[in-house]
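One structure is given below, encoded as structure tokens.
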There are 2 protein chains.
Amino acid sequence: MVAGPLPAPSGPGKDRLRLWIRLLRASRTIEAELRERLRQEFNTTLPRFDVMAALYRAPEGMLMSDLSRFLLVSNGNVTGIIDRLVSEGLVMRARRNGDRRTSMVRLTEEGSKTFAVIAAAHEKWVGELLGNVSEDEARRLTGMLTSFRSNWEGRE
Amino acid sequence: MVAGPLPAPSGPGKDRLRLWIRLLRASRTIEAELRERLRQEFNTTLPRFDVMAALYRAPEGMLMSDLSRFLLVSNGNVTGIIDRLVSEGLVMRARRNGDRRTSMVRLTEEGSKTFAVIAAAHEKWVGELLGNVSEDEARRLTGMLTSFRSNWEGRE
DNA sequence: TCCTGAAACTTCAAGCTTGAATTAATCTGC
DNA sequence: GCAGATTAATTCAAGCTTGAAGTTTCAGGA
């Protein structure tokens, strides 16, 4: 998916293909950089960060299935990541409400403090990495991405 | 990294953060859809497709390290994917040139035929998935992505 | 020649990811 | 109330991914 057009493909539909390739390369490049920094600076991983970010915004907790839907990853995937976060003392499972199938997951006190620190660094990094996109351009790009994304969100 | 702004973050630098989140969500959504279709229709995976796409453009073959650099993945990763492609008869390793550390990797005849079919479907899918981005908008977006990506390519 | 360092790959452990199968709890229609 | 379907979560095998360590080969200098 990352293949670039060396013999410069042309023809109908090629512009969208090229856009997709650029999009993918851009996000992979940034993702790799962020992953590396998270590992070096905070000894953590992107998936853990993603989960903690989601939970940070939901102090009352989230269901596993909500997490999975929100993060666009499979159910079983979330289970494993939460397992690790729990064993690190950053997240807790609570089986509080009536439905005993579900488990409400949320950050521990420590998890919340830890995340706040990491998130600040993360935001700074993203600012650097996208440094040569002006704030204005960022807004325009965001708008375009939103419009074409919404076509596909929650479709199946 | 996929966390969306529910309490709508604002302040300096937030626009770039939001852009990054949108970018990531967009590429994950499209990637998931393409992976699903590759699996259903052709019983293959995205990483295999990526590798074959790179090799398709290089009939004379590529070094493992070239593949790794081009695809933005680690060296050891490529070894595993190539192993599987070789065992499927789609790719061959040749130790032809003087340097016996290197192995030139390329598509087999069958691999080349197989890829051509998959690639046609893939391009059609991308056209559909990005259907509500006009060709013109696609070109503009591509331009923006190129400019900010180039800042980071091959930097370390 | 031989040594040292670098380069190209491979191997490996740990973690991420998926999709399918399983378990447990809840809901629905009768 | 209860059988059957649905939903929430876990488990599992297979594959992907990384970063680190190890192997083989090459290149250059004493």
Side-chain angles (χ1 to χ4, degrees), chain A residues 1-2 24 27-29 31-41 43-52 61-88 91 93-105 156, chain B residues 1-2 24 27-29 31-41 43-52 61-88 91 93-105 156:
Chain A
M1 326 297 316
V2 133
L24 189 52
S27 65
R28 283 198 187 171
T29 304
E31 225 174 325
E33 184 65 27
L34 292 175
R35 176 177 41 237
E36 171 70 3
R37 296 193 187 187
L38 283 175
R39 190 179 63 86
Q40 296 276 359
E41 307 286 331
N43 190 34
T44 189
T45 66
L46 267 172
R48 282 157 157 91
F49 179 85
D50 284 351
V51 167
M52 293 182 76
M62 286 178 85
L63 299 181
M64 297 296 281
S65 41
D66 291 340
L67 269 174
S68 152
R69 250 188 305 279
F70 181 68
L71 298 174
L72 308 176
V73 299
S74 70
N75 245 322
N77 190 351
V78 176
T79 298
I81 296 169
I82 291 290
D83 283 350
R84 281 170 219 113
L85 286 172
V86 167
S87 78
E88 290 174 11
V91 162
R93 283 184 169 97
R95 208 165 280 85
R96 296 177 296 117
N97 48 355
D99 192 332
R100 276 175 303 177
R101 288 169 305 181
T102 67
S103 67
M104 211 65 170
V105 174
E156 59 233 270
Chain B
M1 327 297 315
V2 131
L24 189 51
S27 64
R28 283 200 188 170
T29 304
E31 224 175 326
E33 184 65 28
L34 292 175
R35 177 178 40 237
E36 171 70 4
R37 296 192 188 189
L38 282 175
R39 191 180 62 86
Q40 295 277 358
E41 308 287 329
N43 189 36
T44 189
T45 67
L46 268 170
R48 283 157 157 92
F49 180 84
D50 284 350
V51 167
M52 292 181 78
M62 286 178 85
L63 298 182
M64 296 296 281
S65 41
D66 291 340
L67 268 174
S68 154
R69 249 188 307 278
F70 181 68
L71 298 175
L72 308 176
V73 298
S74 69
N75 245 325
N77 190 353
V78 176
T79 298
I81 296 169
I82 291 290
D83 284 349
R84 283 171 218 112
L85 286 172
V86 167
S87 78
E88 291 174 11
V91 161
R93 282 185 169 97
R95 208 163 281 87
R96 293 178 298 119
N97 47 356
D99 192 333
R100 275 176 304 178
R101 289 170 303 180
T102 68
S103 66
M104 211 63 171
V105 175
E156 57 233 273

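Every chain is numbered from 1 and lettered A, B, ... according to where its sequence line falls, protein lines coming before strand lines.
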Practice task
Just call it for A:Ser74: base, sugar-phosphate, or nothing, with non-hydrogen atoms closer than 4.0 Å on any strand.
Solution key: base

Fill in the blank from the handout: Per atom distances to the B:Asp99 side chain, the nearest of D:dT25, D:dG19, D:dT10 is D:dT25

Problem - N/O (side chain, A:Arg39) to phosphate O (OP1/OP2, D:dT17) under 4.0 Å - result: no

Exercise for the section: Look at the side chain of A:Ser103 and decide which nucleotide, out of C:dC9, D:dA9, D:dG15, has an atom nearest to it. Expected result: D:dA9

Exercise for the section: Answer yes or no: does a side-chain N or O of A:Arg100 lie under 4.0 Å from OP1 or OP2 of C:dT26? Expected result: yes

Practice task
Tell me whether the OP1 or OP2 atom of D:dT17 has a side-chain N or O from A:Arg28 closer than 4.0 Å.
Solution key: no

Practice task
Answer yes or no: is there an ion pair linking A:Glu31 with B:Arg28, defined by an N-O contact shorter than 4.0 Å?
Solution key: yes

Practice task
To the nearest Å, give me how far apart CD1 (B:Ile82) and P (D:dG15) are.
Solution key: 16 Å

Exercise for the section: Grab the CZ-P distance between A:Arg35 and D:dT17 for me, whole Å please. Expected result: 10 Å

Exercise for the section: With heavy atoms under 4.0 Å as the rule, sort A:Gly80 into base, sugar-phosphate or nothing. Expected result: nothing

Completion exercise
Rounded to whole Å, the CG-C1' distance (B:Leu38 to C:dG19) equals 15 Å

Problem - Any B:Thr102 side-chain nitrogen or oxygen under 4.0 Å from OP1 or OP2 of C:dA7 - result: no

Exercise for the section: Using a heavy-atom cut-off of under 4.0 Å over every strand shown, decide if B:Asn75 touches base, sugar-phosphate, or nothing. Expected result: base

Practice task
For B:Arg69, report the nucleic acid contact type (base, sugar-phosphate, nothing); a contact means any heavy atom under 4.0 Å.
Solution key: nothing

Problem - Heavy-atom side-chain proximity of B:Met62 to B:Val105 below 4.5 angstrom - result: no

Handout entry: 5′-ward residue of the pair B:Met104/A:Val73 relative to DNA chain C
Key = B:Met104

Handout entry: Under-4.0 Å side-chain N/O to phosphate OP1/OP2 contact, B:Asn77 with D:dT18
Key = yes

Handout entry: Proximal nucleotide (of D:dT10, D:dC26, C:dT10) relative to the A:Arg93 side chain
Key = D:dT10

Exercise for the section: Assign B:Gln40 to base, sugar-phosphate, or nothing according to its heavy-atom contacts below 4.0 angstrom with the strands shown. Expected result: nothing

Practice task
Quickly work out the A:Glu88 CD to C:dG15 P distance and round it to whole Å.
Solution key: 9 Å

Handout entry: Nearest listed nucleotide, side chain of B:Arg101, among D:dT18, D:dA8, C:dA7
Key = C:dA7

Completion exercise
Separation of D:dA9 atom C1' from A:Leu71 atom CG, nearest Å, is 16 Å

Exercise for the section: Return the nearest nucleotide to the side chain of B:Ile81; candidates are D:dT17, D:dA9, D:dT25. Expected result: D:dT17

Practice task
Please report the closest heavy-atom contact between B:Ser65 and B:Asn75, naming both atoms and the distance.
Solution key: CA-OD1, 4.1 Å

Practice task
Would you mind reading off the distance between A:Leu85 atom CG and C:dG15 atom P, rounded to a whole angstrom?
Solution key: 12 Å

